[in-house]
Protein chains: 2
Amino acid sequence: MIKEERQKLIIEKLNRDQKINLLELSQLLNVSYDSIRRDVIELEDKGLLKKVHGGAVANSYLSFKTTQGYGMDNQEVLHLTRKAQKLFENHQTILMDGGTTNFHIAEQFPKNLELTVITNSLPLATVLNDHPKVETILLGGTYHKRYQITIGHEVMRQLDHFRVDLYLMGFNGLHPQTGVTLRHYEESVLKQKMAQSANKVAVCAIAEKLHNIETYKVCDIQEIDILVTSFKPTDVSLQDFRKHGIELL
Amino acid sequence: MIKEERQKLIIEKLNRDQKINLLELSQLLNVSYDSIRRDVIELEDKGLLKKVHGGAVANSYLSFKTTQGYGMDNQEVLHLTRKAQKLFENHQTILMDGGTTNFHIAEQFPKNLELTVITNSLPLATVLNDHPKVETILLGGTYHKRYQITIGHEVMRQLDHFRVDLYLMGFNGLHPQTGVTLRHYEESVLKQKMAQSANKVAVCAIAEKLHNIETYKVCDIQEIDILVTSFKPTDVSLQDFRKHGIELL
DNA sequence: TAAAACTTTGCATAAATTTGCAATGATGAT
DNA sequence: ATCATCATTGCAAATTTATGCAAAGTTTTA
């Protein structure tokens, strides 16, 4: 029995049972425990399974990885992104960074909207494939696999060459006193620079992010020009923001 | 028993059993172990099987279906991209542009390969999400929706900052006299610049592209250092390329 | 046709891979 | 906390692979 044969059997059994036990398997295939163990290590290196204590499990995570977190099952988000469409006019240049909210907004652009979109988000650029009248410019830099955006010095440098009409900023927390906050340091620095490259800065906030505070500060609330929420502009929960002269949508 | 006869029998047995054992086979056919081994090496070079320790397996045997989007149904491409893996060593910096061939090569990087990959292709950057040890740098610029790459002045400018070990160039035509040619003008200019940023330039050519000529010229054949094809390096169809001192793989 | 050049084949040897075993360390369940 | 189970490591044996070499066979060329 050659190695490849064993490994194929392992994968097949794993797909049937979702989990395997190393000892059991070694008896079944009539080889030493060590060989099975080493097979499982190799297969894990190839990303075909996940090794756990006493055995291995199928890694089903691969299947829903591509759409990770980008599903639109949320009514609030849908409503919010619809509302956000009012921000855009033909022939504008818009700067948009990463995050699911911006992704969904771009996804819902009207098909005849003529925009130039500058972004550091790969999913965003990709979703704009379906919008022939949108010209897309991608900011280059170090690629961050988890967020699927580019970051770092090179992105900052490219921002010097642009002055955009509107920057649609993604964020994690928005608070009347603390301002805009983020979980990721590198991004928070980048967003500061982005805000400086734009005539206007807009944010779209689901209720969960309103009045939330995260670790890294991006900017004060005064620097935000437009706030899109799913509340009515007159809602009491927004009164602290109204004070700062922010346009509410 | 002549070589061709043996090899035919090997392939037939392989198609029946999906795997063969070299020792067993040598006894069955009554020839030395070495002859069988050398037959198998030849057959692997032709892409008809995959050699493994102690035997060989059918090509389909190992494909646990990791492919997505850019379907990989072509045996020649599979073989070619496998062969191309020999180009890479740990801790190198590689420049790769767009095209399906480069995509498939990246897709098949060993999971433990430590590389820095610089690219202007969005699908390529995305596929590298699954390779935790590969650092990806994305070149920014105007996004071309059809090819899903960035192009234009800004990409060119960023290239000034890099000097890479190897540039893996995608292309449409490769001809011993005409050189490397392309269908898309903007890209052809970009590729010239890319070639200048690299210590070595490699191309991977399926048979269809060999001796093919397209509209826009990228560079002369002399500027290519390594050519990966599914032919043996000694094959007659490659003799015109050999003359130019190109390393054949 | 004969000589030269090349290919194929089997063998010997050295290098590399795979495998199983035993000792030691780590982990999980009770 | 203890014990049983599992994981890791180093090692040695067995198997397989790579390489050079020489003999035999095949093709090319003059």
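Lettering of chains follows the sequences in order, A, B, ..., and the numbering in each one begins at 1.
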Do the side-chain N and O atoms of [X] and [Y] include a donor-acceptor pair separated by under 3.5 angstrom?
X	Y	answer
B:Asn90	B:Glu114	no
A:His104	A:Glu107	yes
B:Asp97	B:Asn102	yes

Please give, in whole Å, the distance from [N] [atom2] to [X] [atom1]?
X	N	atom1	atom2	answer
A:Glu24	D:dT5	CD	P	15 Å
B:Gln27	C:dG10	CD	P	14 Å
B:Lys50	D:dT17	NZ	P	12 Å
A:Glu4	C:dT17	CD	P	14 Å
B:Glu5	C:dT8	CD	P	15 Å
B:Ile2	C:dT8	CD1	P	11 Å
B:Asp39	C:dT9	CG	P	7 Å
A:Leu23	D:dA4	CG	P	16 Å

Electrostatic pair [X]:[Y] at N-O distance under 4.0 angstrom:
X	Y	answer
A:Glu5	B:Lys19	yes
A:Arg157	A:Glu154	yes
B:Glu42	B:Arg38	no

Notebook entry, point to check: Does any pair with a residue in residues 198-210 of chain B pass side chain to side chain donor-acceptor pair (under 3.5 Å), and if so which ones, sequence neighbours excluded?
Noted result: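 Checked against side chain to side chain donor-acceptor pair (under 3.5 Å) - neighbours excluded - the pairs reaching residues 198-210 of chain B are B:Arg163-B:Asn199.
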Check: Got a sec, which residues hit side chain to side chain contact (heavy atoms under 4.5 Å, CB included) with A:Ser35, two or more places apart in sequence or on another chain?
Finding: A:Arg6, A:Val31, A:Ser32
Margin query: Test of understanding: with salt bridge (charged side-chain N to carboxylate O under 4.0 Å, His left out), list the residues that count as partners of A:Arg37, not counting sequence neighbours.
Written below: none
Using nucleotides 8-10 of chain D, report all nitrogen or oxygen pairs with the protein that are shorter than 3.5 Å.
| from | atom 1 | to | atom 2 | distance (Å) |
| --- | --- | --- | --- | --- |
| D:dT8 | OP2 | A:Lys51 | NZ | 3.4 |

Margin query: Judged by each residue's nearest nucleotide on DNA chain C, which is more toward the 5′ side, A:Ile36 or B:Ser35?
Written below: B:Ser35
Notebook entry, point to check: Base, sugar-phosphate, or nothing for A:Val40, non-hydrogen atoms under 4.0 angstrom?
Noted result: nothing
Note to self: What I'd like to find out is whether the side chain of B:Phe162 reaches to under 4.5 Å of the side chain of B:Ile118, using heavy atoms alone.
What the structure shows: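 When only atoms from C-beta onward are counted, B:Ile118 and B:Phe162 do touch, with a gap below 4.5 Å.
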Notebook entry, point to check: Between C:dG20, C:dT9, C:dG10, which one does the side chain of A:Val31 approach most closely?
Noted result: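 Closest nucleotide among those given: C:dG20.
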Check: Closer than 4.0 Å, any side-chain N/O of B:Lys3 to the OP1 or OP2 of C:dT7?
Finding: no
Notebook entry, point to check: Any idea which heavy atoms bring B:Leu113 and B:Val134 closest together, and the distance?
Noted result: O-CG2, 3.7 Å
Next item on the list: Provide the closest heavy-atom pair for A:Ser121 versus A:Leu138 in the form atom of the first, atom of the second, distance.
Entry: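 Smallest heavy-atom distance, with atoms named: O-CD1, 4.0 Å.
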Check: What one-letter contact string describes nucleotides 25-30 of chain C from 5' to 3', where B marks a base within less than 4.0 Å of any protein heavy atom, S marks contact via sugar-phosphate atoms alone, and - marks no contact?
Finding: --SS--
Margin query: So if I take the C1' atoms of five pairs at each end of the helix from C:dT1-D:dA30 to C:dT30-D:dA1 and get each local axis, what angle do the two axes make, rounded to 10 degrees?
Written below: 40°
